[in-house]
Undergrad: 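Before anything else, here's the structure in question.
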2 protein chains.
Amino acid sequence: MADVAVAAGVSVKTVSNVLAEHPGVREETRARVLTAVDALGYRLNPAASRLRSGRTGVIAFALPHLYQPYFGDVAERVIAEGERHGYTVVIEPTDALLARERAVLSGGRAQQVDGAILSPAALGVIDLQGLHVEGPVVLLGARLDDPPADQVVMDDRGASRTAVAHLLAAGRTRIAAVGTTQDGGSADEREAGYRDALTAAGVPVDPALLLDAPDWDRRSSGAAAAVRLLDSGAPFDAVFCFNDAMAFGVLRVLASRGLRVPEDVAVVGFDNTEQSRFSTPPLTSVDPGQEQIARTAVDLLVRRIEGRTGAPEVVVADHHLVVRESSGGPRTPVV
Amino acid sequence: MADVAVAAGVSVKTVSNVLAEHPGVREETRARVLTAVDALGYRLNPAASRLRSGRTGVIAFALPHLYQPYFGDVAERVIAEGERHGYTVVIEPTDALLARERAVLSGGRAQQVDGAILSPAALGVIDLQGLHVEGPVVLLGARLDDPPADQVVMDDRGASRTAVAHLLAAGRTRIAAVGTTQDGGSADEREAGYRDALTAAGVPVDPALLLDAPDWDRRSSGAAAAVRLLDSGAPFDAVFCFNDAMAFGVLRVLASRGLRVPEDVAVVGFDNTEQSRFSTPPLTSVDPGQEQIARTAVDLLVRRIEGRTGAPEVVVADHHLVVRESSGGPRTPVV
DNA sequence: CTGAAAGCGCTAACAT
DNA sequence: ATGTTAGCGCTTTCAG
């Protein structure tokens, strides 16, 4: 840096100012510095910057699993968005382990990262409620009453309502729900939306049609639920799954039992992952607005890192339903 | 660190030695230092370590896309394996862009990372052959004659041979191949394995059954290929797809045209991603040994970083075929 | 708006 | 096997 300063005929401080994009450097000086940087092939040593400034330029994105297309998708967007803001993103798969999620919130990676985005899986609403959070953090996922940090939430309830209303409008009345849990969080919200829609239509809620699935991660959860539903003998003409992964498991079982989708049973998922376009049949699914979620989460975090104070902000992402063949949508042209 | 040294009654150097796990510290001293560290809640400042030692403790894993379950899966394993070795892994989606892949090989991230693992998509075999590589790098993917760096390769050819031999053994003789390209690389190898198997069985190779698909990333590539195949009128009783993603697209089209799998057409994929277990029907697929690939790649890279010299090493991962219903395997018990 | 000097916290080299 | 010292390359004071 000293060499660059000499070449540009300025002090090191000015070089530093230019490279850090600090304001208050004359345009002409800036240009001269940049020329010298280029000429000498100089590059900032990030380790030294970090040591001196205390800022790492790194943010962590903690998510349950990367092999889930939904999270892969969000992760890719978060990485891109982070880069736009000048941050490197480190992905931290928590394996849905409580201890790892806690570590993120308690600043376990302090000194290593400037902040973190957490998509909790093990931590339920009750755990999160009013919890103490160390350092800049943005939460993804379920809505909380007393959020301990900024969050970007899906409108789980509203989105579910939309999905179920769509099935009702198609004349289905025996609609099963796959993915209920006792954990609170998204599952409860999605169940609430399901109940809202039925109630609004004057359709009674039949407990026999509520199928638990503690592990949303696996298609096998959906498959297992479908088997239980079929074996219970309860009549049904539609299945609303709390995510796409489980919906694929359900589709698989229905096909293996000789049931036609959507003729005999309509199926709707949640996430609108890319593969929903190519399942057999293509899956109707709620798009929870991943693009917006990633963008907003990084924005909120970066503003926190850069000094924003005040109460946690909550941003609700926009959602919409993508109707495909599994719920009677038009046969999509393949290709 | 000075405080810890005082508390433990040793010099800072000793504290540093203990924390860096350098050899040559008496066990008793070590214990005393660790106690002091705990008591004071002391944590190494990684920025300072990096500045002084020049090592970052970070490795980059550059891959085309994270939303592809195959890469999400490998990425997760690489992250875990890196952690085991004390390294943080930074994922760098290249978007299959030539410039980004080149940047990895030419040490674009020097000073930021100690080394990189690259899974090339845009760079073909010819580009890679004998290319100059800057810094420790491990390549994933296709086998090269004159590798510029260590690599972990699949036995593309052998694995394809196994897959096609399986179809032949099941009595199929009109076997289409989906995913050929003119790029060289994995596509060529897989095509060669396909030809090997046919030739060995005395079955002629019909060019009408070779279906190009430049973009392996998308199920739509497989779907488009299947449409072309059907519209060509060429008879066929099996499809070997060069990856699972394309196979799902093919399954989708076959179903929409009323063809039964495996009765009318057997289908085999390549990657054995998790969703192959839950497609309709479950997909027979070649498992290319992702676990071993991730483990080996990190091992090779870390050993390079830690000073290994000499000619590039090449490790061929083990593969095996997982037979499921799409090629006439037994109906898998659902759940 | 720019310059000079100090020092972030650690580890490498050398000494003991 | 452990201690001493210097300095990695930058940014932050504080002056001008």
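Quick note on labels: first sequence line is chain A, next is B, and so on, each numbered from 1. The model shown is predicted, which means the values in this text are computed figures rather than measured ones.
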Undergrad: Sequence neighbours excluded, which residues qualify as salt bridge (charged side-chain N to carboxylate O under 4.0 Å, His left out) partners of A:R304?
TA: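 Salt bridge (charged side-chain N to carboxylate O under 4.0 Å, His left out) check on A:R304 returns A:D150.
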
Undergrad: Give a yes or no answer on whether the side chain of A:D287 reaches the backbone of A:G289 with a donor-acceptor pair at less than 3.5 Å.
TA: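 Such a contact is found between A:D287 side chain and A:G289 backbone.
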
Undergrad: Applying the side chain to side chain contact (heavy atoms under 4.5 Å, CB included) test to B:V90, which of B:T56, B:I79, B:I59, B:V58 qualifies?
TA: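 Only one of B:T56, B:I79, B:I59, B:V58 forms a side chain to side chain contact (heavy atoms under 4.5 Å, CB included) with B:V90, namely B:V58.
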
Undergrad: How many whole angstroms separate atom CG of A:L19 from atom C1' of D:dG9?
TA: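 Taking atom C1' of D:dG9 as the reference, CG of A:L19 is at 12 Å.
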
Undergrad: Closest approach to the side chain of A:A48, judged atom by atom: which nucleotide of C:dG3, C:dC10, D:dG9 is it?
TA: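 Per side-chain heavy atoms of A:A48, the pick is D:dG9.
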
Undergrad: Can you check the B:K13 NZ to C:dA13 C1' distance for me, whole Å?
TA: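 Interatomic distance, NZ of B:K13 to C1' of C:dA13: 9 Å.
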
Undergrad: Figure out the CG/P separation between A:N17 and D:dT11, and round it to whole Å.
TA: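 For the pair A:N17 CG and D:dT11 P, the rounded distance is 9 Å.
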
Undergrad: For B:Y42 and C:dG9, give me the distance from atom OH to atom P, rounded to whole Å.
TA: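 Rounding to the nearest Å, OH of B:Y42 and P of C:dG9 are 9 Å apart.
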
Undergrad: Let me know, please, whether B:V10 or B:S53 comes out on the 5' side of the other along DNA chain D by nearest nucleotide.
TA: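 It is B:V10, whose closest nucleotide lies nearer the 5' terminus.
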
Undergrad: How many Å lie between CG on A:L51 and P on C:dG7, as a whole number?
TA: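 For the pair A:L51 CG and C:dG7 P, the rounded distance is 14 Å.
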
Undergrad: Provide, to the nearest angstrom, the distance between the CZ atom belonging to A:R32 and the P atom belonging to C:dC1.
TA: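 It is 14 Å, rounded to the nearest whole Å.
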
Undergrad: At under 4.0 Å, does any side-chain N or O of A:T14 touch on OP1 or OP2 of C:dG3?
TA: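 For C:dG3, OP1 or OP2 has a side-chain N or O of A:T14 closer than 4.0 Å.
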
Undergrad: Tell me: NE2 of A:H22 to P of C:dT2, nearest whole Å?
TA: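 It works out to 14 Å between those atoms.
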
Undergrad: OP1 or OP2 of D:dG9 sitting under 4.0 Å from any side-chain N/O of A:S49?
TA: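 No, A:S49 has no side-chain N/O under 4.0 Å of OP1/OP2 on D:dG9.
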
Undergrad: Any side-chain N or O of B:S16 under 4.0 Å from OP1/OP2 of C:dT11?
TA: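 So the side-chain polar atoms of B:S16 do come within 4.0 Å of the phosphate oxygens OP1 or OP2 of C:dT11, strictly under.
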
Undergrad: Pick the closest DNA chain D nucleotide for B:R52 and for B:P23 by heavy atoms, then say which residue is nearer the 5' end.
TA: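 First, find each residue's nearest nucleotide; the 5'-ward one identifies B:P23.
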
Undergrad: Look at the side-chain N and O atoms of B:R55 and state whether any lies under 4.0 Å from the OP1 or OP2 oxygen of C:dA12.
TA: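 For C:dA12, OP1/OP2 do have a side-chain N/O of B:R55 under 4.0 Å.
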
Undergrad: Would one find a side-chain N or O of B:R26 under 4.0 angstrom from OP1 or OP2 of D:dT2?
TA: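 Yes, within the criterion.
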
Undergrad: Can you tell which of C:dG7, D:dT4, C:dC10 lies closest to the side chain of B:M1?
TA: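 Shortest atom-to-atom distance from the side chain points to C:dC10.
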
Undergrad: Nearest whole Å is fine: how far is D:dC8 P from A:R43 CZ?
TA: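 Whole-Å distance recorded here is 20 Å.
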
Undergrad: By the definition side chain to side chain donor-acceptor pair (under 3.5 Å), identify the one residue from B:E291, B:Q290, B:Q292 that meets it with B:R77.
TA: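 That would be B:E291.
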
Undergrad: What's the verdict on salt bridge (Lys or Arg N to Asp or Glu O under 4.0 Å) for A:R303 and A:E306, showing C-alpha distance, side-chain angles and the deciding distance?
TA: CA-CA 5 Å; A:R303 281 169 42 218; A:E306 291 173 356; over 6 Å; no

